[in-house]
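Below: the structure, in structure tokens.
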Amino acid sequence: MLKLSIGYPSKEEELEIMRRMTRGPEPKPQRVVSPADIVRARGVVEEIYIDPKIEQYIVDIVFATRQPKSYGLEDIEALIAYGASPRASIYLAKAAKAQAFLSHRGTSPPRTCGPSAWTCCATA
């Protein structure tokens, strides 16, 4: 659904990772939520409302990767080998809903679409 490039840690981060993993007992993970909680949360996310204007905005973002000239993006047209597939609009809508959920909102405002656009369009 999303493509995230994490990269390598800095020297300071690597030192901290090494120290945590080589000193004392190995950290033990603790359950934070149950599988049932996750299923319930997914159901709530699916119910989050996306206004038709937001849906159109999502489709416009995806179509801009397919037809950059139509969106005033002639300067980057050569940088796009293939436009995003229909999966990108699906994933972008789902990501916007998830972001709204994490922000404790019952609707998905336009600002929730932008941050996810690159990661959704890069994979679809």
Side-chain angles (χ1 to χ4, degrees):
M1 181 171 147
L2 302 173
K3 178 180 181 178
L4 300 176
S5 178
I6 296 174
Y8 291 108
S10 68
K11 284 185 177 183
E12 294 78 20
E13 292 167 333
E14 182 118 9
L15 184 60
E16 181 63 27
I17 292 168
M18 181 186 68
R19 286 178 176 159
R20 284 185 185 182
M21 299 309 294
T22 60
R23 294 183 180 170
E26 191 170 312
K28 301 285 185 217
Q30 295 179 353
R31 179 181 283 189
V32 179
V33 295
S34 70
D37 292 333
I38 294 170
V39 170
R40 275 194 303 278
R42 288 180 74 175
V44 171
V45 169
E46 287 299 319
E47 294 300 317
I48 290 177
Y49 175 75
I50 296 184
D51 189 272
K53 290 180 183 178
I54 304 302
E55 291 173 332
Q56 187 61 53
Y57 177 60
I58 289 169
V59 170
D60 285 340
I61 290 171
V62 172
F63 265 74
T65 69
R66 299 178 197 161
Q67 303 165 358
K69 283 184 183 177
S70 300
Y71 291 85
L73 301 171
E74 298 87 1
D75 295 348
I76 66 166
E77 184 173 28
L79 302 174
I80 302 173
Y82 300 100
S85 77
R87 289 186 311 253
S89 30
I90 294 166
Y91 295 156
L92 190 48
K94 286 180 177 276
K97 285 181 170 193
Q99 183 60 44
F101 173 79
L102 293 172
S103 300
H104 304 281
R105 296 181 171 276
T107 63
S108 181
R111 70 177 171 271
T112 62
C113 300
S116 304
W118 174 253
T119 55
C120 289
C121 291
T123 61

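Here the closest heavy-atom approach between residue Ala93 and residue Ile58 is recorded as CA-CD1, 3.7 Å. Residues Phe101 and Ala41 come closest through the heavy atom pair CZ-CB, 3.9 Å. Listed here is the closest heavy atom pair of Thr65 and Ile80: O-CG2, 3.3 Å. Here the closest non-hydrogen pair linking Ile50 and Lys97 is CD1-CG, 3.6 Å. Nearest heavy-atom pair, Val45 versus Ala98, reported as atom, atom and distance to 0.1 Å: CG1-N, 3.8 Å. The shortest non-hydrogen separation linking Ser85 to Arg66 is C-NH2, 3.4 Å.
Tyr57 and Tyr71 fall into different hydrophobic clusters, defined by Ile, Leu, Val, Met, Phe, Trp and Tyr side-chain heavy atoms under 4.5 Å apart, directly or through other members. Residues Ile54 and Val59 fall into different hydrophobic clusters, defined by Ile, Leu, Val, Met, Phe, Trp and Tyr side chains chained together at heavy-atom separations under 4.5 Å. Residues Leu102 and Val44 fall within the same hydrophobic cluster, defined by Ile, Leu, Val, Met, Phe, Trp and Tyr side chains chained together at heavy-atom separations under 4.5 Å. If you chain together hydrophobic residues whose side chains sit under 4.5 Å apart, Phe63 and Ile76 fall into the same group. No chain of hydrophobic side-chain contacts below 4.5 Å, direct or via other Ile, Leu, Val, Met, Phe, Trp or Tyr residues, connects Ile61 to Leu73.
In this structure, CD on Glu14 lies 10.5 Å from CD on Glu12, to the nearest 0.5 angstrom. Here the CD-NZ distance, from Gln56 to Lys53, works out to 11.5 Å after rounding to the nearest 0.5 Å.
Other residues, nucleotides and ligands contribute more than 12 heavy atoms inside 6.0 Å of the CD atom of Glu74. For Arg20, the CZ atom is loosely surrounded, since the number of other residues' heavy atoms within 6.0 Å does not exceed 12.
Between the side chain of Asp37 and the main chain of Ser34, a donor-acceptor pair closer than 3.5 Å is present.
Lys94 and Glu46 are joined by a salt bridge, as a carboxylate oxygen and a charged side-chain nitrogen come within less than 4.0 angstrom of each other.
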